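In the text below, chain A, chain B and the rest are named by the order of the sequence lines, each starting its count at 1. Only a predicted model underlies this, so the values are computations on that prediction, with no experimental measurement involved.
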Amino acid sequence: MELSTRYTPADFEAKVYTDWLASGGFTPKADGPTFTIMMPPPNVTGVLHMGHALNGTIQDIVIRHKRMNGFSALWLAGTDHAGIATQAVVERKLYEEEKKTRNDLGREAFLERVWDWKEKHGSYILEQFRRLGSSCDWERTRFTMEPMMTKAVRESFVRLWEKGLVYRGARLVNWDCVLETAVSDDEIEYVPRKDKLYQLRYPVKGSPGGSNPEFVTVATTRPETMLGDTGVAVNPADERWKHLIGKMLVLPFIGREIPVVADETVELDFGTGAVKITPGHDPADYERGLRFKLPIINLLEKDGKLNKEGGPFAGMTREKARIEVVKQLEELGLLGEVTDYAHNVAVSDRSKSVIEPIVSEQWFVKMEPLARPAIEAVKSGALKFRPERWTKVYLDWLVNVRDWCISRQLWWGHQIPVWYDADGVPVASREDLPIGSPHPVTKKPIVRQDPDVLDTWASSWLWPFATLGWPNLTPDVERYYPTQFLSTAREIIYLWVARMVMAGYEFMDHLPMDQRCPFEVCNVHATVLDSKGRRMSKSLNNGIDPIEMIDKYGADAVRYSLVLLTKEGQDVKLATDRFEQGYRFSNKVWNAARFVLMNMGSHAQVDPTSAAGRNTIKLEDRWILSRLSRVRAEVSQMLDAYAFNDAAMALYQFVWNDFCDWYLEIVKSRLTAENDPSAPVARGTLSRVLSDALALLHPFTPYMTEVLWASLNETLGRTQPLLMNCRWPDGRGLALDEEAELQMQTIQDLVHAVRQVRNLTTAGERQMLAAKIAAPNKPERDVLQRHVDTVRALAFLEACEIDAHIARPPNSAVAVAGGLEVFVALGANVDLGKLKDVLARRAEKVRQGITAIDAKLGNVAFVERADPEVVEGEKTRRTEMVTELKLLERNLSDA
RNA sequence: GGGCGAUUAACUCAGCGGUCAGAGUGCCUCCUUUACAAGGAGGAAGUCGGGGGUUCGAUUCCCUCAUCGCCUACCA
């Protein structure tokens, strides 16, 4: 295949993906140990954002790495029906296009619309994951509302029901008056708002009327809720109100008599020190109400209008009622101060309407018994968080876990599998109970199913096993559960992660306890922020579209950039130009591969690790193979430890710095020279290093490496499977070669010094590109003399003389590298000031270094207590520095 | 109010008890040499947020303060 000079991913990404699918796709092989990842199912309404792209990249790196390591690797994807979000999307569309509400259509017809929408748009985000290169087993793609999930949801619900963990009760829930549904605490956001703080006066029962009645003054931001007040709380230590504790107040408008109670949680210095208690519409008051056994009064209809409990205000919207209540209190002289007040208001995530806490009949799940094993899971080490600190977040939530309100007044979702007889006796059932059929317990006819649906998380908490076929103990359940790795965003640690762990322990009870935890590792990935450090959000319109970036730079570049930028779990500020780093790297690999390929052809190759290879191998070959050996081991170990950033960095440096900057440059002359006896082994080394490097890079940049792999196979006439299905490099024949690395280091230091001095002068100032090098140290001198051609080529020299001692030529530029001196002769009238400055600066730095070391070595405590190796190291370094300083000083005085 | 994280080069970030503190970008100088100019060679650039402490030794560990961010919480 002809490779373009520039890396153009758009040319091949789609084709490569097709090839992957054609080769059998990403279905895990039937044998071998398994490794499973469950993708957090994105909302069907979702569009890929940077967080998804990062998380998709992480999971794909892991699964490809495991696949190459011989695991039967399953990455299962799917989407979440996302109750409120999806229903809202379809409702909005319905209204925009037909001016109809869901009630106009009726439940069944509306649900058909939602399914239509899902069929049309529901795979969009998974297509986007595919563009990223995600190697999910698409044959096993799931949806949280498909029949097998429904079966699992019912099974889990009925089991909890049978254990007495499901209960129905009048409880305070967050009510969305626009969507007319309860929403969980997790679906609420708090927005700062400027409101008024009103003081209301409640007359004390039996106090003299007329001009000087006695009042208790309370403060509130929601005066209309006073209609539902059933008490007033004061702090028992409050001198202002103490004497009224136990007295009754008369609630204006309603005339209800309500007690003054003593409650230590009332702040003395906020408002008036007296708190109205509205158990029906305030979470804190609800708690207080329970404590003091106060009646609960519900003031609101489902749409937020006041019901008959609102007395004269019944039928008004809550906004109107607020205005009216205040007005009429004022007229009665019962309104105290009104002050400006800034506070946070709870708003529904979906509808953005103000949340009303409201008492409502809901289904709940008792969480405490479920939480216990989930807590134990982290304590026993069965579950590990990465970064570790998230363990605490997880535990804090579980230890203080509150019962889970699982009913939602929506249509889109799993309808609660509870049926009632005519007396309203509920029963949960795995199978539908048709109307008229006998109630399994009371034997009376069933009259209706509960109209509510379950919270979305009541299906997604079953994701790790329901997607495999549970409650049936299918071969997939047996084989792929429990999973090994979960990667997700921090904000769903409670919503999803903790609940999956609970579900695993609760429902996978055919397994022993130590095999029930649904995943071994929970990786909490970084949050991607915009360049100013704000969250990327639709409302701010500050998001960077990953697909746009893929179009521009390629999926590999997007993946590599994200991994290079995100150090495990640490938030990352992102700007579009950051993707250039990944692109440049991809381009570099691409071109390095092109270079290798164009030097292969039909030329002879010798495997550098073979006996024949060892006869003709040269220093640079040994060196790059040693570096390869090192990076292979490091990357393997880092990926096993899920240290993606470290692994990507190590590969970046190996490919760019070691392979491209040094090895390719050194080896060029051997490849172009005619009949160089060391050329075949150079080619062998090139193809070995490229092969291994492509394989090591494959999990990170799957598309590009696959194309280059195919080209390499073609050029070498190799028959090899797709790189995706190849084995992870095993390091066969490779070993660390300390000697080669040390000798190359000497060459690199010298080349660097020559380039330095070269670049201090212009072409006109140099008589010729000739350097004289003084290397008094024999081992160094031998290495350099043996590789003088390499030095000459890399330092762009025409001539190079290396000797033990060389007198400094007149009018020459000097560089000092360790114990080496480099001289480049210059023309007669060249100003050497610039060169002297460099030497002087360097000398100063070395002098400071020596002073610092002397201070350490002069410190008795250091010499006695520090690690002997450290002391020895300091001494060695001192000797080297002294040598260098001498050379620097000599050359400074000469010049 | 509690908890967590961050503060290192102009910018974005690594490092995290002991080699004169690193990368990418940007900046300066030079180079069209046949893998790559989205490249190559070289260079400048940092009292590692402030203050204490532990230690022979602190950017690294502890305390504290400051600033920014996130999560949590019943100040009505």
Side-chain donor-acceptor pairs under 3.5 Å in residues 864-873 of chain A, sequence neighbours left out?
{"unit_1": "A/D867", "atom_1": "OD1", "unit_2": "A/E869", "atom_2": "N", "d": "3.1"}

Quiz item: When all nucleic acid strands are considered with a 4.0 Å heavy-atom cut-off, which category describes A/K845: base, sugar-phosphate, or nothing?
Solution: base
Practice problem: Could you check how far CG of A/L857 sits from C1' of B/C56, rounded to whole Å? | Solution: 12 Å
Quiz item: Over how many whole Å does the gap from A/L398 atom CG to B/U72 atom C1' extend?
Solution: 15 Å
Quiz item: Just checking A/Y7: base, sugar-phosphate only, or nothing, at a heavy-atom cut-off of under 4.0 Å?
Solution: nothing
Self-check item: Note: A/K276-A/D282 ion pair, threshold 4.0 Å (strictly below)
Solution: no
Quiz item: When A/Y7 is tested against each of A/Y553, A/Y560, A/W590 for ring-ring contact (aromatic ring centres under 6.0 Å, His included), which residue passes?
Solution: A/W590
Quiz prompt | Candidate pair A/T701 and A/R559, rule side-chain hydrogen bond (donor to acceptor under 3.5 Å, both in side chains), full reasoning | solution = CA-CA 7 Å; A/T701 56; A/R559 293 164 63 113; over 6 Å; no
Quiz item: Base, sugar-phosphate, or nothing for A/R842, non-hydrogen atoms under 4.0 angstrom?
Solution: base
Quiz item: Counting only side-chain N and O atoms of A/K567, is one of them less than 4.0 Å from OP1 or OP2 of B/G15?
Solution: yes
Quiz item: Is any side-chain nitrogen or oxygen of A/W656 closer than 4.0 Å to OP1 or OP2 of B/G40?
Solution: yes
Self-check item: P atoms of B/A9 and B/G3, separation to the nearest Å
Solution: 29 Å
